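Following: one structure in structure tokens, then a few remarks.
Bear in mind that the values here come from a model prediction, so they are computed numbers and not experimental data. Just so we're on the same page: letters track the sequence lines, and every chain starts at 1.
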Amino acid sequence: MSAIRVRIAPSPTGPLHIGTARTALFNALYARHTGGTFVLRLEDTDVARSSIAYEKDILDGLHWLGLRWDEGPDVAGGADVGPFGPYRQMQRLERYREATERLLAEDRAYPCYCTTDELEAERARQKAAGVPPRYSGRCANLTAAERAAFEAEGRRPAIRFRIEPGVVAFDDLVRGHVEIDASALGGDLVIVRADGTPLYHFTVVVDDAAMGITDVIRGEDHLSNTPKHILLFRALGHAEPRFAHLPLILNPDRTKMSKRKSQTAMSDYIAQGFVREALVNYLALLGWSTGTEEEVLSLDELSARFDLAAVNRAGAIFDPERLAWLNGQWIRRLAPDDLVDRLRPFFEADLVAGRIDRLPSDEEVAALLPFVQERLPVLGAIGDLVGFLFVDRVELDPALLVPKRWDVATTRQALVAARDLIAANGEVSFDHGALEMALRGLAEQRGWKAGDVFMAIRVAITGKTATPPIFESMVALGYARTLDRLERAGAALDALDGAFGRQESAR
RNA sequence: GCCCCCAUCGUCUAGAGGCCUAGGACGCCACCCUUUCAAGGUGGAGAUCACCGGUUCGAAUCCGGUUGGGGGUACCA
């Protein structure tokens with residue numbers, strides 16, 4: 001039994017797509033589970049749409065997920081690692097040329113002089129006639145003289161691979177036995193463009209063979225194209241690999257997940273503060289399950305349990321809610337130092353966007369973690385949670401400041417009383433326990449509900465009604481700034497006095 | 001159109017003939033905890049296993065058909 005070799009072959013024609021990431025993940029899980037080799041190959045033959053920026057986005061995104069490949073370019077524009085390089089298809093042109101020559105020499109392929117317009121017209125006629133679109137084979141048996149005549153016209157030929165009649169069958173590792181009649185393949189297949197650049201269906205076969213790929217694990221959208229690949233493997237004299245077609249990730253309307261209807265760019269998930277553990281966990285369980293009731297699993301745990309045969313066959317809708325839940329699970333599991341590191345870029349983004357006025361130190365962030373970590377659905381929510389600590393002044397909405405069923409006057413009294421009490425107790429008593437005791441005492445003495453007093457204070461110092469626990473928040477804010485914000489809030493209510501009657505009747 | 005694939009709670013799934021009056025998770029609802037919000041705990045609603053036939057003593061599980069959905073059908077990948 002030879003060693004497993006799998007690959008992910010992204011095309012740098014767009015940012016890393018969540019579906020590509022999942023295919024990469026399944027390949028990586030399979031390689032790790034079987035002790036095989038994971039190869040990354042860049043399929044950049046669509047020169048017009050490929051770019052180094054996309055290459056970087058893809059490689060960085062896969063690395064960010066924690067995926068490592070044994071062969072292939074490690075970084076965008078970087079050198080290749082591994083014995084089967086180069087791993088960028090545009091640097092492998094000579095090999096496709098050699099394979100093309102062989103097919104031509106054996107008459108398994110031939111030059112086709114049809115123009116795009118002619119082909120389109122042909123397809124249009126077929127569609128109008130209600131027959132399946134299919135290349136007519138018009139150039140399949142041209143004489144040398146006819147070819148010369150086209151060349152003399154200045155036409156540059158594409159190269160077509162002859163699709164011989166017959167039934168192509170294969171045993172898909174997830175779908176089982178699949179048979180497709182070659183007549184349904186659309187006729188002879190273009191493998192090299194008129195400009196000399198090779199096409200996907202051709203390069204993928206030449207490279208998978210050259211790189212010794214034993215198992216092709218990819219999306220179901222390639223299932224119908226697999227016979228073309230098998231025919232090419234055979235014509236080229238190569239053993240065909242095993243195939244495994246993964247169920248597609250779907251939009252909510254069950255169509256193939258697309259940018260138009262879903263968030264597909266990995267970078268967007270990263271920017272929102274999803275953590276790699278959650279994405280890996282979620283993606284692995286989209287279309288596969290361990291068969292147990294385990295749900296929260298690390299990359300190592302997933303690798304240990306992975307089984308291609310247990311992959312589902314039906315497509316799966318991408319559910320952001322479930323991803324968010326897993327994200328919370330993983331954020332809560334992070335070590336404090338790690339979380340501080342991961343939070344830093346989000347504070348920086350908040351600063352740049354003007355949502356906060358200064359950057360907290362790592363020590364400050366670490367001190368917040370005990371009451372913040374379990375409240376973070378995504379890392380990007382950090383600003384909403386504790387941004388009030390790092391702004392010079394909070395926006396006060398008087399309507400929020402006055403607790404339900406309290407009036408402006410009571411609220412102002414409470415804020416003033418709280419401020420005075422805290423000031424009277426002094427900075428030495430400014431800690432969680434002392435504050436709670438003092439403020440609860442105040443509420444009891446005045447006949448107020450403690451919750452109402454706390455809510456007024458909460459809004460006064462944070463500007464919001466939903467915040468981290470209030471005493472921790474006050475301590476984090478500090479003695480002087482807490483007093484200052486209570487004063488400002490009281491003053492804001494003073495200014496409202498004239499509108500007092502209106503406020504009351506409005507309630 | 002043609003070819004291929006698929007079909008269990010709203011969603012992700014368990015289930016490989018009797019263990020299923022179909023289990024878990026997300027989401028939803030209620031309650032508990034509680035200074036808000038989360039987190040956590042408990043409980044609940046939610047699936048005639050797409051439909052119709054067949055095989056079998058017995059089917060979500062096997063077979064056939066129907067319907068529905070998806071993918072493919074490029075000198076894109």
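- You'll find that the side chain of A:Lys256 is closest to B:G71, out of B:G71, B:C37, B:A77.
- Base engagement by A:Pro468 is indicated by at least one non-hydrogen atom pair under 4.0 Å involving a base atom.
- Residue A:Asn312 places none of its side-chain N or O atoms closer than 4.0 Å to OP1 or OP2 of B:C12.
- The interatomic distance linking A:Tyr54 (OH) with B:A77 (C1') rounds to 14 Å, in whole Å.
- Only the C1' atoms considered, B:A50 is 7 Å distant from B:A7, to the nearest whole Å.
- Heavy-atom contacts from other residues, nucleotides or ligands closer than 6.0 Å to CD of A:Glu153 number more than 12.
- Inspection of the A:Thr255 and A:Asn251 side chains reveals an N or O donor paired with an N or O acceptor under 3.5 Å.
- What separates CH2 of A:Trp448 from P of B:U35 is a distance of 18 Å, to the nearest Å.
- Distances shown here put a side-chain N or O of A:Arg254 below 4.0 Å from the OP1 or OP2 atom of B:C12.
- Donor-acceptor pairing under 3.5 Å is lacking for the side chains of A:Tyr200 and A:Asn225.
- Backbone-only contact: A:Gly287 has heavy atoms under 4.0 Å from sugar-phosphate atoms and none from a base.
- B:G15 and B:C49: their C1' atoms are spaced 10 Å apart (whole Å).
- A distance of about 32 Å separates the C1' atoms of B:G68 and B:C29, rounded to the whole Å.
- Heavy atoms of A:Asn225 sit under 4.0 angstrom from at least one base atom.
- Among the heavy atoms of the strands lying under 4.0 Å from A:Gly130 are primed sugar atoms or P, OP1, OP2 only; no base atom is included.
- The side chain of A:Ser289 contributes no N or O atom lying less than 4.0 Å from OP1 or OP2 of B:C12.
- Residue-level contact check: A:Phe471 touches the bases, meaning some heavy atom is under 4.0 Å from a base atom.
- The closest side-chain donor-acceptor pair between A:Thr467 and A:Arg458 falls under 3.5 angstrom.
- Looking at heavy-atom distances under 4.0 Å, A:Leu119 makes contact with a base.
- Nucleic acid contact class of A:Arg458 (heavy atoms, under 4.0 Å, all strands): base.
- Across all strands shown, A:Pro10 has no heavy atoms under 4.0 Å from either base or sugar-phosphate atoms.
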Give the table of side-chain donor-acceptor pairs shorter than 3.5 Å for residues 440-447 of chain A, with sequence neighbours excluded, one pair per line with atom names and distance.
from: A:Arg440; atom 1: NE; to: A:Glu436; atom 2: OE2; distance (Å): 2.8
from: A:Arg440; atom 1: NH2; to: A:Glu436; atom 2: OE2; distance (Å): 2.9

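- Side-chain contact annotation: A:Tyr110 with A:Asn141, donor-acceptor N/O pair under 3.5 Å absent.
- Along RNA chain B, the nucleotide nearest A:Leu286 and the nucleotide nearest A:Leu223 are compared for position; the residue whose nucleotide lies closer to the 5' end is A:Leu223.
- Expressed to the nearest 0.5 Å, how far CD1 of A:Ile58 lies from OG of A:Ser11 amounts to 7.0 Å.
- Taking atom C1' on both nucleotides, B:A47 is separated from B:C5 by 24 Å, rounded to a whole Å.
- Atom CD in A:Glu151 sits 3.5 Å away from atom OH in A:Tyr113 (nearest 0.5 Å).
- One P atom belongs to B:G17, the other to B:C62, and the distance between them is 9 Å to the nearest Å.
- Across B:G41 and B:U48, the matching P atoms stand 30 Å from one another, rounded to whole Å.
- Atom-to-atom, CD of A:Glu220 to C1' of B:A77 comes out at 17 Å; the value is rounded to the nearest Å.
- Between A:Thr115 and A:Asp117, the side chains place no donor N or O within less than 3.5 Å of an acceptor N or O (distance only, hydrogens not considered).
- The partner of B:G43 is B:C29, judged by Watson-Crick or G-U wobble contacts that both fall below 3.5 Å.
- In a base pair of the Watson-Crick type (N1 to N3 plus N6-O4 or O6-N4) or a G-U wobble (N1-O2 and O6-N3), with each distance short of 3.5 Å, B:A7 is matched with B:U67.
- Along RNA chain B, the nucleotide closest to A:His177 and the one closest to A:Glu293 are compared, and the more 5′ of them pairs with A:His177.
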Tabulate protein N/O versus nucleotide N/O from nucleotides 40-42 of chain B, keeping only pairs under 3.5 Å, one per line.
from: B:G40; atom 1: OP1; to: A:Gln329; atom 2: NE2; distance (Å): 3.2

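- Among the protein residues, A:Ala158 comes within range of the nucleic acid bases, having at least one heavy atom under 4.0 Å from a base atom.
- Comparing the P positions of B:A22 and B:A16 gives a spacing of 16 Å, expressed to the nearest Å.
- Residue A:Leu285 contributes atom CG, which lies 14 Å from atom P of B:A25 at whole-angstrom precision.
- Whole-Å rounding puts the A:Ile317 CD1 to B:G27 P distance at 17 Å.
- Whole-Å rounding puts the A:Glu295 CD to B:G23 C1' distance at 12 Å.
- With rounding to whole Å, A:Arg49 atom CZ is found 14 Å from B:C75 atom P.
- Within 4.0 Å (heavy atoms only), A:Ala194 reaches at least one base atom of the nucleic acid.
- A:Ala184 comes within contact range of the sugar-phosphate backbone alone, with a heavy-atom separation under 4.0 Å but no base atom that close.
- The side chain of A:Arg218 contributes no N or O atom lying less than 4.0 Å from OP1 or OP2 of B:G71.
- If you check every strand for non-hydrogen atoms under 4.0 Å, A:His245 touches nothing.
- Distances shown here put a side-chain N or O of A:Arg440 below 4.0 Å from the OP1 or OP2 atom of B:U35.
- A:Thr465 comes within contact range of at least one nucleobase, with a heavy-atom separation under 4.0 Å.
- In this structure, a donor-acceptor pair under 3.5 Å is absent between the side chains of A:Gln329 and A:Glu295.
- Across all strands, A:Ser224 comes closer than 4.0 Å to base atoms (heavy-atom distances).
- Contact between the side-chain N/O atoms of A:Lys127 and the OP1/OP2 oxygens of B:C2 is not found at any separation under 4.0 Å.
- Side chain of A:Ile470, nearest nucleotide from B:U35, B:C26, B:A39: B:U35.
- Here B:U36 presents its P atom at 18 Å from CG of A:Leu401, a figure rounded to the nearest Å.
- A:Arg162 and A:Glu164 are not joined by a salt bridge, as no carboxylate oxygen comes within less than 4.0 angstrom of a charged side-chain nitrogen.
- To the nearest whole angstrom, the two P atoms, one in B:C26 and one in B:G1, are 42 Å apart.
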